[in-house]
Every structure is written in C-alpha cells, then in structure tokens.
Amino acid sequence: MPELPEVETVRLGLVDRVVGRAITDLRVGVFSGVVGPLGVDATRARVIRHRIDGIRRRGKYLFFELADETFVMVHLRMTGVLQITSRSAPPLRFEHLAMELDDGSDLRFADQRKFGRVLHLMPKEFVVLDTAIGPEPLGSDFTPDLLASRLVGRTAKLKSTLLDQRRVAGLGNIYVDEALFRAGLHPERPAGSLTSTETAHLRFEIQAVLREGLLHRGTSFSTFSDAYGGSGSNQDNLRVYGRGRRGDPCVRCGNPLALLIVGGRSTHYCPRCQALDPQSGVRQRGEND
DNA sequence: TGTTATGTTGCCAT
DNA sequence: TATGGCAACATAAC
C-alpha cells in the first residue's frame with residue numbers, strides 16, 4: 001500500500017512524537033526476521049540508549065537518524081504499519097516489533113504479510129542504499145530533463161521503468177497508473193520512446209498525483225493507516241486505479257477503462273486516452289482541454 | 001471450499 | 001547490464 005505519499009504521511013505523523021526521544025529498549029515478537037540478518041540481540045545492542053535526531057524519507061524508505069550517526073531503516077513493503085502507542089496499549093494486529101521510547105511511548109511496527117523490515121544500518125550502509133535510490137520526484141531538481149535522463153535509452157515498458165526505484169523514487173502501482181492516465185501515456189510504451197513534450201507532461205502529472213495523495217494523507221484501501229491508525233482519503237480521488245477490472249467509464253472520454261498486466265502488475269488504463277500508437281486518430285490529451 | 005488478487009522488492013534466469 | 005518472471009506471506013473476496 002504505502003507509496004511515497006503514504007510513507008511521507010507516516011513520517012509527518014511521527015516526527016513530533018519521536019524526534020528527541022531516546023530508545024530505551026527493543027522488543028521483537030516471534031517473527032525475528034523483521035530485523036534482518038543482524039538478528040535481534042545485535043540490533044537491540046546497536047539501538048538502545050541512542051537518541052533519535054530526525055526522520056528522513058527517501059522514496060518509500062524511512063530512516064530514523066540516531067545520535068551516533070547510524071540509522072534505523074523501516075520499509076513497509078505491502079502491508080507494514082508504523083504507529084505510536086502508549087507502552088501499555090494492547091499489541092497491534094500482526095505486531096512484530098516495538099521500540100520503547102524514553103517518554104513512555106512505543107514506536108511499533110506491524111505487518112500482516114511479513115515483507116516489511118526494520119533494519120539497523122551503519123553510516124556506510126545508509127550511503128550505499130541512499131545512492132542506489134533514484135531521484136525524489138517532488139524534489140526541486142526533478143526537472144523534465146532529469147526525468148528524461150532516467151528514461152533515455154530504455155527499451156523496457158514505461159510503467160515498469162517508473163516502478164523501478166533506482167530510476168525514480170517512491171512511485172508504486174497506484175500512483176504510476178494515475179500519472180500515466182493523466183499524461184495520456186500507454187503503460188507499455190518503451191520508456192525511451194517519449195518525446196520531450198511527453199516527458200515534460202509526465203513529470204508534471206507525477207508531481208500532481210503525488211501532491212494530491214499527500215494532501216489527502218494517502219490512499220487507504222484495506223490496510224494503510226498513519227502513525228495514529230488514521231486513514232487517508234485519496235482513494236476517493238483516483239481516476240483509474242481499481243476501475244479497469246470493472247470497466248468503469250473513463251472520466252475523460254466515457255469509454256470503458258481496461259485492465260492489463262504489465263510486469264506482473266495489474267494495470268488500469270483507458271485504451272482510448274492512452275493509446276499505444278499516438279497516430280491512432282484519437283485527439284491527444286492537452287490539445288484542447 | 002478452492003482460486004485469485006493485493007499497495008513491494010529481491011533473486012534468479014536469460 | 002537490461003529485462004522479465006516469480007516468490008516471499010497472510011488474508012479477503014469471489
């Protein structure tokens with residue numbers, strides 16, 4: 001569930017409650033794999049007694065900066081949840097880990113599908129990961145030229161390329177489908193085939209859908225919730241995601257939306273507004289509306 | 001009751 | 001290196 005807007009919503013909800021607090025203990029449940037190969041005891045030894053100086057987000061990754069310049073990385077993957085609770089609150093459903101903070105609160109991690117991770121990283125490990133992740137799409141440097149440079153020469157499908165976190169950070173299945181619809185681009189276009197006009201349009205719509213998602217505190221279907229267990233409302237603003245299967249009418253042209261599998265992912269789009277061949281006789285988006 | 005789908009990513013084969 | 005397929009897991013919905 002969590003893509004960039006959801007992860008940022010979680011971060012914003014945590015900052016005031018967590019920054020400046022020290023970690024006094026680490027509790028891990030039966031699924032010890034949540035802390036990765038380092039293991040529970042070593043992870044605990046590395047985090048306790050350290051103060052949290054800040055929370056950074058890169059793409060869909062969260063990094064809690066500890067006072068010794070190491071990091072606790074959290075990735076929610078599909079169904080992860082991070083929440084602030086009181087120490088005495090009952091366990092969350094699927095709770096795997098809790099960081100006990102020095103003000104009597106807990107920072108808890110839960111994950112139904114056990115894909116998510118909470119890993120302690122040394123400074124060097126942080127740099128390696130940070131460097132491998134592509135540019136932030138909401139950063140001021142995410143210009144049309146920068147996006148073009150990430151797509152040029154690629155023969156892979158546009159959607160698959162946008163989902164590759166090394167090319168651009170933070171996009172997932174929902175926001176990619178929404179951005180491609182708004183930009184009028186077919187998800188299976190070769191990524192390197194876009195004109196500079198199409199690339200500029202795509203950059204604009206990527207930023208638009210992410211900002212809208214952020215404004216609505218994320219898209220909540222079954223499992224996404226913020227740091228306090230609250231839901232976002234962006235699901236009410238989606239134009240194509242989840243609608244292809246039902247063949248709902250396109251909000252732009254009225255023709256039925258369709259479902260396609262691209263790179264193994266369900267892909268919702270409008271075959272008319274997002275033609276694979278731009279010469280198919282359909283007026284292109286942006287010409288007159 | 002069985003089958004299928006799910007917002008992510010890493011590993012493996014080509 | 002670039003690309004594509006699939007597994008990791010638990011549950012909900014059909």
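A, B, ... follow the sequence lines: proteins, then strands. Residue 1 opens every chain.
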Item checked: side-chain contact (heavy atoms from CB on, under 4.5 Å), paired with A/T161, selected from A/L151, A/T155, A/V168 ->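 That would be A/L151; it is the only one of A/L151, A/T155, A/V168 passing the side-chain contact (heavy atoms from CB on, under 4.5 Å) with A/T161.
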Checklist line | Runs of at least three consecutive pairs that involve DNA chain C, where pairs are Watson-Crick or G-U with distances under 3.5 Å | finding: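 Stems for DNA chain C, defined as runs of 3 or more consecutive pairs: B:2-6 with C:10-14, B:8-14 with C:2-8.
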Is the shortest side-chain N/O distance from [X] to OP1 or OP2 of [N] below 4.0 Å?
X: A/R265; N: B/dG7; value: yes
X: A/S266; N: B/dT6; value: yes
X: A/Q165; N: B/dT9; value: yes
X: A/K60; N: B/dT8; value: yes

Note to self: Distance check, P atoms only: C/dC6 and B/dT4, in whole angstrom units.
What the structure shows: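 Per the computed distance, 14 Å lies between those P atoms.
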Checklist line | Span that lies between the P atom of C/dT3 and that of B/dG7, in whole angstrom | finding: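 Looking at atom P only, B/dG7 and C/dT3 are 23 Å apart.
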I'd like to know if [Y] and [X] are part of one continuous hydrophobic network [Ile/Leu/Val/Met/Phe/Trp/Tyr, side-chain heavy atoms within less than 4.5 Å].
X: A/L163; Y: A/L185; answer: yes
X: A/V15; Y: A/L12; answer: no
X: A/V176; Y: A/L146; answer: yes

Notebook entry, point to check: If you check the A/H75 side chain, which of B/dT9, B/dA5, C/dC9 turns out closest?
Noted result: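 Selected nucleotide (nearest to the side chain): B/dT9.
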Next item on the list: Counting heavy atoms from C-beta on, name the nucleotide in C/dC9, B/dG7, B/dG10 closest to the side chain of A/F224.
Entry: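 It is B/dG7.
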Notebook entry, point to check: In whole Å, what is the span from the OH atom of A/Y61 to the P atom of B/dT8?
Noted result: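 From A/Y61 OH to B/dT8 P: 12 Å.
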Notebook entry, point to check: So what does A/F31 touch, heavy atoms closer than 4.0 Å: a base, only the sugar-phosphate, or nothing?
Noted result: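 No contact.
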Check: Is A/R245 touching bases, backbone alone, or none of the nucleic acid, heavy atoms closer than 4.0 Å?
Finding: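 Sugar-phosphate contact only - A/R245 comes under 4.0 Å of backbone atoms but never of a base.
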Checklist line | Contact summary for A/S105 and A/D103, nearest pair of heavy atoms | finding: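 For A/S105 and A/D103, the tightest heavy-atom pair comes out as OG-OD1, 2.6 Å.
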Check: Of the non-hydrogen atoms in A/R203 and A/T143, which two are nearest, and what is the gap between them?
Finding: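 Shortest heavy-atom separation between A/R203 and A/T143 comes out as CD-C, 3.5 Å.
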Check: Should the ring pair A/F109 and A/H96 be called parallel, tilted or perpendicular, given that the plane angle runs from 0 to 90° and is split at 30 and 60?
Finding: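 Answer is tilted, since the angle falls between 30° and 60°.
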Checklist line | Pairwise side-chain contact, A/E6 with A/L76, heavy-atom cut-off 4.5 Å (strictly under) | finding: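 No, side chains not in contact.
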Next item on the list: Would you mind reporting whether A/E136 and A/R58 have side-chain heavy atoms less than 4.5 Å apart?
Entry: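 Yes; the side chains approach each other to less than 4.5 Å.
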Checklist line | Criterion side-chain hydrogen bond (donor to acceptor under 3.5 Å, both in side chains) against A/T70, the qualifying member of A/R46, A/H120, A/E65 | finding: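 For A/T70, the side-chain hydrogen bond (donor to acceptor under 3.5 Å, both in side chains) test succeeds with only one of A/R46, A/H120, A/E65, which is A/H120.
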What protein N or O atoms touch nucleotides 3-6 of chain C N or O atoms at under 3.5 angstrom, if any, and at what distances?
unit_1	atom_1	unit_2	atom_2	d
C/dT3	OP1	A/T155	N	2.7
C/dT3	OP1	A/T155	OG1	2.7
C/dT3	OP1	A/A156	N	3.2
C/dT3	OP2	A/R154	NH1	2.3

Check: Can you find a side-chain donor-acceptor pair between A/R108 and A/T85 that sits under 3.5 Å?
Finding: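 A donor-acceptor contact under 3.5 Å links the two side chains.
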Check: Would a line drawn from the ring center of A/F71 to the ring center of A/Y61 be shorter than 6.0 Å?
Finding: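 When the ring centroids of A/F71 and A/Y61 are compared, they turn out to be at least 6.0 Å apart.
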Notebook entry, point to check: Is A/F115 stacked on the base of C/dA8 when the test is centres under 5.5 angstrom and planes under 30 degrees?
Noted result: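 Yes, aromatic ring over the base.
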Margin query: I need the residues from residues 118-135 of chain A with at least one non-hydrogen atom less than 4.0 Å from DNA chain C; give them sorted by number, or say none.
Written below: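 Contacting residues: none.
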